[in-house]
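Encoded as structure tokens, the structure appears first; notes follow it.
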Amino acid sequence: MGRLAPLSEEPTNEEDDSSNGSKKGMRQTWRNWIKTHISLVFNKRSDLKILLSVLGCPLFPLSLHPDHSLNEVSSSAQYIIQHFTAATGCRKLEGTVKNIFVTGKVTMAMGDHDLGSAGVSASGAASSSSSSTSSTFSQKGCFVMWQMVPNKWLIELVVGGHKVIAGSDGNVAWRHTPWLSAHAAKGGVRPLRRALQGLDPLAISAVFSPAQFIGEKRISGEDCFMLKLSADQTDLAERSDSTAEMIKHVIFGYFSQRSGLLVFLEDSYLTRIQSPGTYPTYWETTMSTKIEDYRTVEGVMIAHSGQTNVIITRFGDNLKSGPAITRMEEIWTIDDIAFNVPGLSIDCFIAPNDVQKHYLPDDNLDWRKSL
């Protein structure tokens, strides 16, 4: 068998992926990619697969321990993170918490597809997410997540009768869906985005500690400080291939000036798709998450609910009718969260056999974020 193909960072039904390494195979893969993506965006029967690919288990843009010197961090950013750690009380978890267990519920919805001017950037996503279109497709589900500090995690998500499993053993991230066997990717192991939505305050403080302070903004009636992080060119190159180039991936954290808590999270990434002799097509995905309902769990403030809105914009010279826009939404709630669950060991995070057989330590593959 050939090497596993990189995980796509675009919504996909993953039924036509191939990785035979030949030029003919690459051309066929690109044609299949375009064919399935165009049909997916406008085919209601594929809505559930898009939702699970995009909202199921996306990764954070950066690793848990970015290679930045704290000497380069602004005093404003340091103050914001110190305020956050004090507000959550997460410092008491350092050295004492070995694992985290979380269960929750989700409701995923696909909005109307339309054509028109997109004009959505990462810094403007917060305002645009509040004016979503009416839902045309909705499914309820639940998830269970285990995490062993710092880079080992596993999540099982069931929505609409379909189960998606994703995990990381600290060296490789992987995902398994009912319509495709396990896919693996090498590269900098990144935390699960869902864990950064208020569930893991220690990870939030670690990730945002080297962030850039870019100002203040009012979000949902709350005055917030804004911190910005960007994936560097090396990370972007590792997540690109011959037909898909990752141009940018930035993330913004909005921390309440009043409470010090993280109340809004948004990230945006842009991918350029092109085969020889054709016009490029661009896919911009903006994911905005409102984080709320903080409650005390063993003396630490943990967010227990929120809402994520996604806008996928496809544009390019070959799209004569203008940009195509797809909207999605997820409402999530946390039922239970516990620290230091007995019996959870490293063995619980071992990758599936298919991943182990095809993963080579010197591979250049990287997790290509499920939108």
Worksheet item: Are Val97 and Leu199 connected in a single hydrophobic cluster, I mean Ile/Leu/Val/Met/Phe/Trp/Tyr linked by side-chain heavy atoms less than 4.5 Å apart?
Response: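 Yes, same cluster.
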
Discussion item. I'd like to know if Phe339 and Trp153 are part of one continuous hydrophobic network [Ile/Leu/Val/Met/Phe/Trp/Tyr, side-chain heavy atoms within less than 4.5 Å].
Written reply: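 As far as the 4.5 Å side-chain criterion goes, Phe339 and Trp153 are connected within one cluster.
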
Practice prompt. May I ask you to check whether Tyr254 and Glu266 show a side-chain donor-acceptor distance below 3.5 Å?
Written response: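 There is such a pair (donor and acceptor under 3.5 Å, judged by atom type) between the side chains of Tyr254 and Glu266.
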
Worksheet entry | Matching residue for His249 among Thr271, Asp232, Thr285, Asp267 - test: side chain to side chain donor-acceptor pair (under 3.5 Å) |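 Exactly one option meets the side chain to side chain donor-acceptor pair (under 3.5 Å) with His249, and it is Asp267.
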
If I take atom [atom1] from residue [X] and atom [atom2] from residue [Y], how far apart are they, to the nearest 0.5 angstrom?
X	Y	atom1	atom2	value
Phe213	Gln78	CZ	CD	13.0 Å
Tyr294	Thr88	OH	OG1	8.0 Å
Asp169	Met148	CG	CE	12.0 Å
Lys152	Asn171	NZ	CG	7.0 Å
Met287	Arg193	CE	CZ	5.5 Å
His162	Leu48	NE2	CG	5.0 Å

Partners meeting side chain to side chain contact (heavy atoms under 4.5 Å, CB included) with [X] (sequence neighbours left out):
X	answer
Lys163	Glu156, Val158, Ile165
Cys348	Leu344, Ser345
Gln233	Leu236
His304	Asp293, Arg295, Val297, Ile302, Ile334, Ile337

Taking all non-hydrogen atoms of both residues, which atom of [X] and which atom of [Y] are closest, and how far apart?
X	Y	answer
Gly56	Arg194	O-NH2, 3.1 Å
Lys92	Gly89	CG-O, 3.0 Å
Ala211	Ala77	O-CB, 3.5 Å
Pro61	Ala231	O-CB, 4.4 Å
Phe315	Glu284	CE2-CB, 4.2 Å
Ser288	Phe264	CB-CZ, 3.7 Å

Exercise answer: donor-acceptor pairs, residues 103-110 side-chain atoms, under 3.5 Å, sequence neighbours excluded:
{"from": "Thr103", "atom 1": "OG1", "to": "Asp336", "atom 2": "N", "distance (Å)": "3.4"}
{"from": "Lys105", "atom 1": "NZ", "to": "Asp335", "atom 2": "OD1", "distance (Å)": "3.3"}
{"from": "Lys105", "atom 1": "NZ", "to": "Asp335", "atom 2": "OD2", "distance (Å)": "2.8"}

Discussion item. Please identify which of these residues, Ile311, Asn309, Ile312, meets the side chain to side chain contact (heavy atoms under 4.5 Å, CB included) condition with Met328.
Written reply: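 The passing option is Ile312.
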
Worksheet item: Taking it one step at a time, do Phe255 and Phe208 satisfy ring pair (Phe, Tyr, Trp, His ring centres under 6.0 Å)?
Response: CA-CA 11 Å; Phe255 295 80; Phe208 278 99; 5.6 Å; yes

Can you tell if the side chain of [X] reaches within under 4.5 Å of the side chain of [Y], non-hydrogen atoms only?
X	Y	result
Val263	Cys224	yes
Ile81	Leu227	yes
Phe252	Lys217	no
Val159	Leu51	no
Leu52	Thr177	no

Worksheet entry | Sequence-distant partners of Phe143, ring-ring contact (aromatic ring centres under 6.0 Å, His included), two or more places apart |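 For Phe143 there are no ring-ring contact (aromatic ring centres under 6.0 Å, His included) partners, ignoring immediate neighbours.
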
Worksheet entry | Stepwise side chain to side chain contact (heavy atoms under 4.5 Å, CB included) check, Ser256 with Arg258 | CA-CA 5 Å; Ser256 169; Arg258 176 181 56 84; 3.8 Å; yes

Using modelled atom types and a 3.5 Å cut-off, is there a donor and acceptor pairing between side-chain atoms of [X] and backbone atoms of [Y]?
X	Y	answer
Thr278	Ser275	yes
Lys228	Ile214	no
Thr85	Arg91	no
Ser240	Met246	yes
Asn99	Trp146	no
Arg314	Ala324	no

Worksheet item: Checking side chain to side chain contact (heavy atoms under 4.5 Å, CB included) for the pair Ile247/Trp283: CA distance, chi angles, key distance, verdict?
Response: CA-CA 10 Å; Ile247 298 176; Trp283 291 74; over 6 Å; no

Worksheet item: Please walk me through it: do Cys57 and Leu157 pass side chain to side chain contact (heavy atoms under 4.5 Å, CB included)?
Response: CA-CA 8 Å; Cys57 41; Leu157 176 78; over 6 Å; no

Discussion item. Do the side chains of Lys290 and Glu292 get close enough for a salt bridge, i.e. N-O under 4.0 angstrom?
Written reply: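 A salt bridge is present here (some side-chain N lies under 4.0 Å from a carboxylate O).
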
Discussion item. I'd like to know whether Ser268 forms a side chain to side chain contact (heavy atoms under 4.5 Å, CB included) with Lys248, so could you lay out the CA-CA distance, the side-chain angles of the two residues, the decisive distance to 0.1 Å, and finally the verdict.
Written reply: CA-CA 8 Å; Ser268 174; Lys248 70 168 185 176; 4.0 Å; yes

